[in-house]
Protein chains: 2
Amino acid sequence: MTDSNDSQESLLALDRQVCFALYSAQLAMSKVYRKLLRELDLTYPQYLVMLVLWEQDGQTVSGIGERLFLDSATLTPLLKRLEGAGLLQRQRSRQDERQVAVVLTEQGHKLREKAEAVPESVMCAAQCSPDELERLRDDLHNLRERLAS
Amino acid sequence: MTDSNDSQESLLALDRQVCFALYSAQLAMSKVYRKLLRELDLTYPQYLVMLVLWEQDGQTVSGIGERLFLDSATLTPLLKRLEGAGLLQRQRSRQDERQVAVVLTEQGHKLREKAEAVPESVMCAAQCSPDELERLRDDLHNLRERLAS
DNA sequence: GCATTTTAGATAGCGCGCGATTAAATCGCA
DNA sequence: TGCGATTTAATCGCGCGCTATCTAAAATGC
């Protein structure tokens, strides 16, 4: 036989790894969103930024970054694309010229209405009970916290 | 008040979303791996390919892809980098010239020893009981399956 | 037996995510 | 007050992950 039998016992076995399950679930999730968000002309990370801004408009780049666990190297070009799409404006703070406030445009606010339909479509695609999903969400928050410490 | 109070009730609320929990946990996981895998000179997706090949050597590109849920557009350049690093070779099958078999080199096989230490380090970083992790893994497999269908 | 269709892999281009560096503004403190 | 340290954002380069497209080889159909 090949080495495949041993491997099923090994800690290196692909299918036993939480991390691969996490990785591939995230890719699958991302595919579902890609399809849904095409109608809003957003990528998933862009959608996340919009969620943050719909919750609280006018945040700084680093403020958004803290919320999403992303840094300016990721956010700056992403925000520029959203600005290019007319959904927001980036404006340097006059008090502290280092900071850039990100402010939704009319169009950016308006997009929220379209976005309201997204979560339900995703939950539908997930085919899970709300309870299951909430438990999973809390487990994942927990895991993220521990991994980041 | 701002719109932030409403938002906590909304389905659009960031912190209520499973998908954001999934997304950010995956990023955190990836960061942990990046640090660990630096010693092996591998990225996380490269590490996954090596896991697949350690389980069963000589698979085709699409065989690896089915295992990892990735397609040739992602794998081809990744495999070329691994080939460039001397860990494997890509060779066209003589039976079916469309297929490319991916075969580990001596060095590729050898790297497995170093990799044996990785899973334990990750579990340590996760600070979870094996039971918790197994449950989470199964939930994620489940979710992936449902999302992909 | 030859055209059609299907399959395997490669290629180009785009948008993240991040490590590393740089530039500018502000802060802290002697 | 002056000047080094810190903070904030931007920039660059690289490796995914994907869509769309392409090429070549193999399978299919009549």
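These values consider heavy atoms only, across backbone and side chains, with no hydrogens, waters or symmetry-generated copies. Chain letters run A, B, ... following the sequence lines, proteins first, then strands; residues in each count from 1.
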Nucleotide dC18(D), atom P - distance to OH of Tyr33(A) in whole Å
17 Å
Has Ser30(A) got a side-chain N or O lying under 4.0 Å from the OP1 or OP2 atom of dC18(D)?
no
Please determine whether a side-chain nitrogen or oxygen atom of Ser62(B) lies at a distance below 4.0 Å from atom OP1 or OP2 of dG9(C).
yes
For DNA chain C, whose closest nucleotide is more 5', that of Gln95(A) or that of Phe69(A)?
Phe69(A)
Distance from Lys31(A) atom NZ to Leu147(B) atom CG, nearest 0.5 Å?
11.0 Å
When the distance from CZ of Arg38(A) to C1' of dT19(D) is rounded to whole Å, what number comes out?
9 Å
Can you measure Met50(B) atom CE to dC16(D) atom P for me and round it to whole angstrom units?
13 Å
Where along residues 22-29 of chain B does a heavy atom fall under 4.0 Å from DNA chain C?
Tyr23(B), Leu27(B)
Do Gln56(A) and Arg67(A) have side-chain heavy atoms sitting under 4.5 Å apart?
no
Whole angstroms only, please: what is the NZ-C1' distance between Lys31(B) and dC16(C)?
13 Å
Residue met sooner reading DNA chain D from 5', once Asp96(B) and Arg34(A) are mapped to nucleotides:
Arg34(A)
Compute whether any side-chain donor of one residue and acceptor of the other, for Ser93(A) and Gln95(A), lie under 3.5 angstrom apart.
yes
Between C1' on dA10(D) and CD on Glu83(A), what's the gap in Å once rounded to a whole number?
14 Å
So, are Arg112(A) and Glu116(A) salt-bridged, with charged N and O less than 4.0 Å apart?
yes
Just by distance, no angles: are the side chains of Ser129(B) and Glu134(B) close enough, under 3.5 Å, to form a donor-acceptor pair?
no
Within this structure, what is the CG-to-P distance between Leu78(A) and dC12(D), rounded to whole angstrom?
18 Å
Value in whole Å for how far the P atom of dA8(C) lies from CD of Gln91(B)
19 Å
Pairwise distance CG(Asp15(B)) to NE2(His141(A)) - rounded to 0.5 angstrom:
5.5 Å
Interface polar pairs with nucleotides 2-7 of chain C, N/O, under 3.5 angstrom:
{"unit_1": "dT7(C)", "atom_1": "O2", "unit_2": "Arg98(B)", "atom_2": "NH1", "d": "3.3"}

Report the distance from atom CG of Leu88(A) to atom CE of Met50(A), rounding to the nearest 0.5 Å.
6.5 Å
Less than 4.0 angstrom from a charged side-chain N to a carboxylate O is my criterion; do Glu97(A) and Arg92(A) meet it?
no
Hey, what's the ring geometry for Tyr44(A) with Tyr33(A), parallel, tilted or perpendicular (30° and 60° as the breaks)?
tilted
Restricting both atoms to N or O, compile the protein contacts to nucleotides 10-14 of chain C shorter than 3.5 Å, with distance only.
{"unit_1": "dA10(C)", "atom_1": "OP1", "unit_2": "Arg90(B)", "atom_2": "NH1", "d": "2.6"}
{"unit_1": "dA10(C)", "atom_1": "OP2", "unit_2": "Thr76(B)", "atom_2": "OG1", "d": "2.4"}
{"unit_1": "dA10(C)", "atom_1": "N7", "unit_2": "Ser72(B)", "atom_2": "OG", "d": "3.0"}
{"unit_1": "dT11(C)", "atom_1": "OP2", "unit_2": "Lys80(B)", "atom_2": "NZ", "d": "2.5"}

If only side-chain N and O atoms of Thr43(A) are considered, is one of them under 4.0 Å from the OP1 or OP2 phosphate oxygen of dC16(C)?
yes
Take atom CD of Glu66(B) and atom C1' of dG9(C), then tell me their distance rounded to the nearest Å.
14 Å
Within 45° cone and under 6.0 Å: Arg144(B) NZ/CZ vs Phe69(B) ring
yes
Would you mind checking if Lys114(B) and Asp41(B) are paired as a salt bridge, meaning a charged N to carboxylate O distance below 4.0 Å?
no
Using heavy-atom distances to pick each residue's nearest nucleotide on DNA chain C, tell me which of Gln46(A) and Glu97(A) is more 5'.
Gln46(A)
So Leu68(A) and Phe20(B), do their side chains get closer than 4.5 Å, heavy atoms only?
yes
